[in-house]
Amino acid sequence: MSIQDETSSDRWLSHCVWIVALWASFFNLLNFNGYLLFRPEVAITMLALALVGGVMALIQQAAKPRLWFLVVALFAAVLVDLNASISAIWFLGCWAIFAVIAFYVREVFVKILFAAAAAVLFFQGAELVLDDGSLREAGNEAQNLQALDRDRADRPAIVHLVLDSYLGLDGMALGPDVYRDLRSEQVRFFTSHDFQVYPRAYSPYAKTLNSLPALFSYGQDEPVVHSITSEYSIPEQLPYFADLDAMGYRIDALLPAYFDLCVKQKLTRCRTFESSGLSSMLGTEMSATDRAKVFGFTMLNLTRTIRSATGRIRPDPGARLAHNRSELFPLTSLGQFDSFIADVAGLREGEVKFAHILLPHDPYMLAADCTVKPESRWLDEHGPGTAAAREQGYADQVRCLQQRLDRLLDALDRTPAGREAIVLIHGDHGSRIAPTQPFVDGPQLSSRELLMSYSTFFAIRVPGESPGEVPGTHSLGRLMADFRAREFAAAPRPAPAVDQVVVTDAAGTPREWRPLPGFTR
């Protein structure tokens with residue numbers, strides 16, 4: 001090969017390396033999510049990434065000769081961040097190391113990058129081509145297994161459903177009208193299915209990673225400390241699951257991976273799911289363009305350093321924050337809920353079917369009939385957008401949830417064990433439709449806005465007990481403690497107690513107990 005040909009080849013590689021590398025990262029993302037390759041949204045995203053890669057190549061070319069090695073090293077560090085989500089310190093370290101290598105070996109470094117990216121693209125692409133699109137069933141991840149050779153408890157089955165961000169009935173009663181109408185619909189629905197509802201139930205915590213350990217400890221433990229930046233939690237053994245195990249129940253759990261009960265709780269079977277799975281978009285009404293947008297924002301949010309640097313940049317102040325625009329929590333949970341409904345068909349006496357489902361959690365993307373709204377109409381709990389629009393979006397999502405609850409109860413009523421089962425349904429905290437969460441020394445929130453964070457749905461169906469509204473203000477912890485005191489066999493009726501809630505610092509760490517605001521205007 002002549003020197004001229006070799007130079008042309010090197011120039012070709014330097015122009016293509018970033019396109020190939022971005023495609024390889026995208027294929028890796030698709031494979032992880034079990035997404036089909038031959039889809040229009042995939043083609044759109046690949047075209048967009050090719051344009052981005054082309055711009056990177058032009059910047060690299062413009063940086064020659066003096067700054068070339070710094071630009072190449074920066075882009076290589078971005079690729080590492082995209083695939084490994086490294087911290088800022090590691091990002092700077094990678095940049096420095098790559099800069100030294102690129103300074104001394106120059107074009108060889110680009111060739112190595114190209115070869116590595118091409119290999120990933122080839123193998124990930126081959127696996128995607130061979131994927132037949134069949135559903136990937138999660139295996140049993142329970143590590144602290146219950147003894148399987150013992151007899152089941154001679155007790156009615158329990159179906160326990162935790163629904164994320166499910167506002168309580170008297171929180172809805174504070175208005176506006178869309179919430180008051182929703183409250184009436186909810187009461188009619190649950191009492192018609194023989195539930196007792198607790199309109200003034202509340203969670204002392206506005207954050208899931210604090211509220212769930214507290215309620216599963218019957219509200220007796222000290223506040224669990226998790227900052228707002230916490231992404232995962234593996235709680236120690238919780239009294240609720242230990243008590244169910246001691247009573248002889250076999251426990252089957254389904255939950256999002258970020259609150260992982262599979263490691264330390266006594267369970268027969270445990271399955272986790274990623275909170276925001278891209279494959280949940282398949283089979284929906286979403287346009288190819290909307291799906292491509294979600295792909296793009298997902299890739300942006302995988303780059304921890306770039307995400308942190310650009311996360312608050314919004315050309316349009318009314319636009320959603322970029323880090324929210326990749327979230328598919330309710331859509332992913334909708335599919336998981338359908339799996340849970342199918343699973344209860346095999347319910348037997350002495351079993352507990354437990355699920356934590358991220359509904360009606362934001363973003364508010366589902367219509368009342370559970371179809372997916374256009375991405376431009378999706379809204380987040382703390383904004384942007386008007387409170388009225390967010391409340392309407394939340395109400396739509398609750399009505400979608402109610403459809404799925406109707407299917408669940410119908411599935412239970414079709415089996416003897418299901419008809420005799422105790423069914424417990426509650427939230428983990430409120431809807432949190434306010435400018436912020438309640439912070440110590442934070443923005444002043446109205447009493448109603450505070451209650452949006454704490455008022456929490458709670459309902460229970462016990463065969464032989466009459467439906468209706470149960471008076472009194474009760475924390476989730478006290479309700480669970482009284483349910484335990486009745487050996488999980490009767491609806492709770494806890495004694496009155498001091499009603500307090502936790503306020504956090506700006507990082508989301510619990511700092512201070514304050515009185516619960518009253519459920520009146």
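In this structure a side-chain-to-backbone donor-acceptor pair under 3.5 Å is missing from D245 to K266. For the pair Q196 (side chain) and I460 (backbone), a donor-acceptor distance under 3.5 Å is absent. The backbone N or O of A481 lies less than 3.5 Å from no partner atom in the side chain of Q220, so there is not a single donor-acceptor pair. Judged purely by atom type and a 3.5 angstrom limit, Y205 has no side-chain atom pairing as donor or acceptor with the backbone of V503. With hydrogens and angles disregarded, no donor-acceptor distance shorter than 3.5 Å links the side chain of D380 to the backbone of H382. Under the 3.5 Å distance criterion, the side-chain polar atoms of R511 are left unmatched by any main-chain donor or acceptor of D505. No donor-acceptor pair under 3.5 Å is formed between the side chain of R200 and the backbone N or O of T473. At least one donor-acceptor pair under 3.5 Å links the side chain of S192 to the backbone N or O of R188.
Within the 4.5 Å cutoff, no side-chain heavy atoms of R250 are placed close to those of R269. The shortest side-chain heavy-atom distance between R291 and Y35 falls under the 4.5 Å cut-off. Side-chain contact check for R183 versus D170: some heavy-atom pair is nearer than 4.5 Å. In this structure, the side chains of Y179 and S431 come closer than 4.5 Å at one or more pairs of heavy atoms. Counting heavy atoms from C-beta on, the side chains of Q444 and E449 never come closer than 4.5 Å. Annotation: side chain of D154 is in contact with side chain of E349 (closest heavy-atom distance under 4.5 Å). Contact annotation: the side chain of P256 never approaches that of T272 to less than 4.5 Å [non-hydrogen atoms, C-beta and beyond]. A heavy-atom distance below 4.5 Å is found between the side chains of L328 and L278.
Considering every non-hydrogen atom in both Y249 and P156, the closest pair reads OH-O, 3.2 Å. Looking at every heavy atom in both residues, S275 comes nearest to T332 through O-CB, 3.3 Å. Scanning all heavy atoms of the two residues, the minimum distance from R414 to R419 falls at C-NH1, 3.6 Å. Nearest heavy atom pair, residue L238 against residue S217, reads CD2-OG, 3.8 Å. Nearest heavy atom pair, residue R493 against residue Y198, reads NH1-OH, 2.9 Å. Taking both residues in full, the closest heavy atoms of S233 and L209 are given as CB-CD2, 3.7 Å, listed atom of the first, atom of the second, then distance.
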Pair K353-D252, salt bridge (Lys or Arg N to Asp or Glu O under 4.0 Å): steps then yes or no: CA-CA 5 Å; K353 295 285 188 183; D252 181 354; 3.0 Å; yes
Do E512 and V502 pass the side-chain contact (heavy atoms from CB on, under 4.5 Å) test, and can you show the C-alpha distance, the side-chain angles, and the key distance before you say yes or no? CA-CA 6 Å; E512 183 180 308; V502 171; over 6 Å; no
Working for side-chain contact (heavy atoms from CB on, under 4.5 Å), residues D260 and Y232: CA-CA 8 Å; D260 194 348; Y232 293 96; over 6 Å; no
Criterion side-chain contact (heavy atoms from CB on, under 4.5 Å) on M281 and F295, from CA distance to verdict: CA-CA 11 Å; M281 294 190 293; F295 287 150; 3.8 Å; yes
Between R461 and D194, does a salt bridge (Lys or Arg N to Asp or Glu O under 4.0 Å) hold up when you go through it step by step? CA-CA 6 Å; R461 183 171 84 175; D194 295 325; 5.3 Å; no
Worked check of side-chain contact (heavy atoms from CB on, under 4.5 Å) between F216 and V162: CA-CA 11 Å; F216 291 137; V162 177; 4.3 Å; yes
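Here the straight-line distance linking atom CD1 of I158 with atom CG of L244 works out to 5.5 Å at 0.5 Å rounding. Taking CG from L334 and SG from C400, the interatomic distance works out to 5.0 Å, rounded to the nearest 0.5 Å. Atoms CG and OH, from L401 and Y166 in turn, are 5.0 Å apart once rounded to the nearest 0.5 Å. The distance from the CG atom of L409 to the NE2 atom of H193 is 5.5 Å, given to the nearest 0.5 Å. Rounding to the nearest 0.5 Å gives a distance of 14.0 Å between OG of S326 and NZ of K293. To the nearest 0.5 Å, atoms CG (L445) and CZ (F439) are separated by 9.0 Å.
At a threshold of 4.0 Å, the pair D499-R478 counts as salt-bridged, since one of the basic side-chain nitrogens sits closer than that to a carboxylate oxygen. Salt-bridge annotation for D177 and R180: present, with a side-chain N of the basic residue lying under 4.0 Å from a carboxylate O of the acidic one. Electrostatic pairing of R404 and D338 counts as a salt bridge here, judged by a charged N lying under 4.0 Å from a carboxylate O. Between R448 and E391 there is a salt bridge, with a side-chain nitrogen of the basic residue lying less than 4.0 Å from a carboxylate oxygen of the acidic one. Under the 4.0 Å criterion applied to side-chain N and carboxylate O atoms, D413 and R407 are not assigned as salt-bridge partners. Using a cutoff of 4.0 Å between basic side-chain nitrogens and carboxylate oxygens, R348 and E351 are scored as salt-bridged. Taking 4.0 Å as the cut-off between side-chain N and carboxylate O, D343 and R271 count as a salt-bridged pair.
With hydrogens and angles left out, the side-chain atoms of N33 and S279 include no donor and acceptor closer than 3.5 Å. Side-chain atoms of T456 and S203 include no donor-acceptor pair closer than 3.5 Å. Under 3.5 Å, the side chains of N210 and H429 contain no donor-acceptor pair of N or O atoms. Using a 3.5 Å distance cut-off with no hydrogens or angles, the side chains of E285 and T371 do not pair a donor with an acceptor. Residues Q402 and D406 have side chains that never bring a donor and an acceptor to within less than 3.5 angstrom of each other. Side-chain contact annotation: T208 with D428, donor-acceptor N/O pair under 3.5 Å present.
Ring-centre distance between F458 and Y202: not below the 6.0 Å cut-off. Close placement of the F190 and F457 rings is indicated, their centers lying within 6.0 Å of each other.
Remark: L148 CG is packed, more than 12 non-hydrogen atoms of other residues, nucleotides or ligands lying under 6.0 Å away.
Listed by first then second residue, pairs satisfying ring pair (Phe, Tyr, Trp, His ring centres under 6.0 Å) with a partner in residues 482-510 read Y240-F488, F483-F488, not counting sequence neighbours.
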Contacts under 3.5 angstrom, residues 354-366 side chains, donor-acceptor by atom type, not counting sequence neighbours:
unit_1, atom_1, unit_2, atom_2, d
H356, NE2, D164, OD2, 2.9
D362, OD2, E381, N, 3.0

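Not counting sequence neighbours, the partners of R325 by the side chain to side chain donor-acceptor pair (under 3.5 Å) test are E375.
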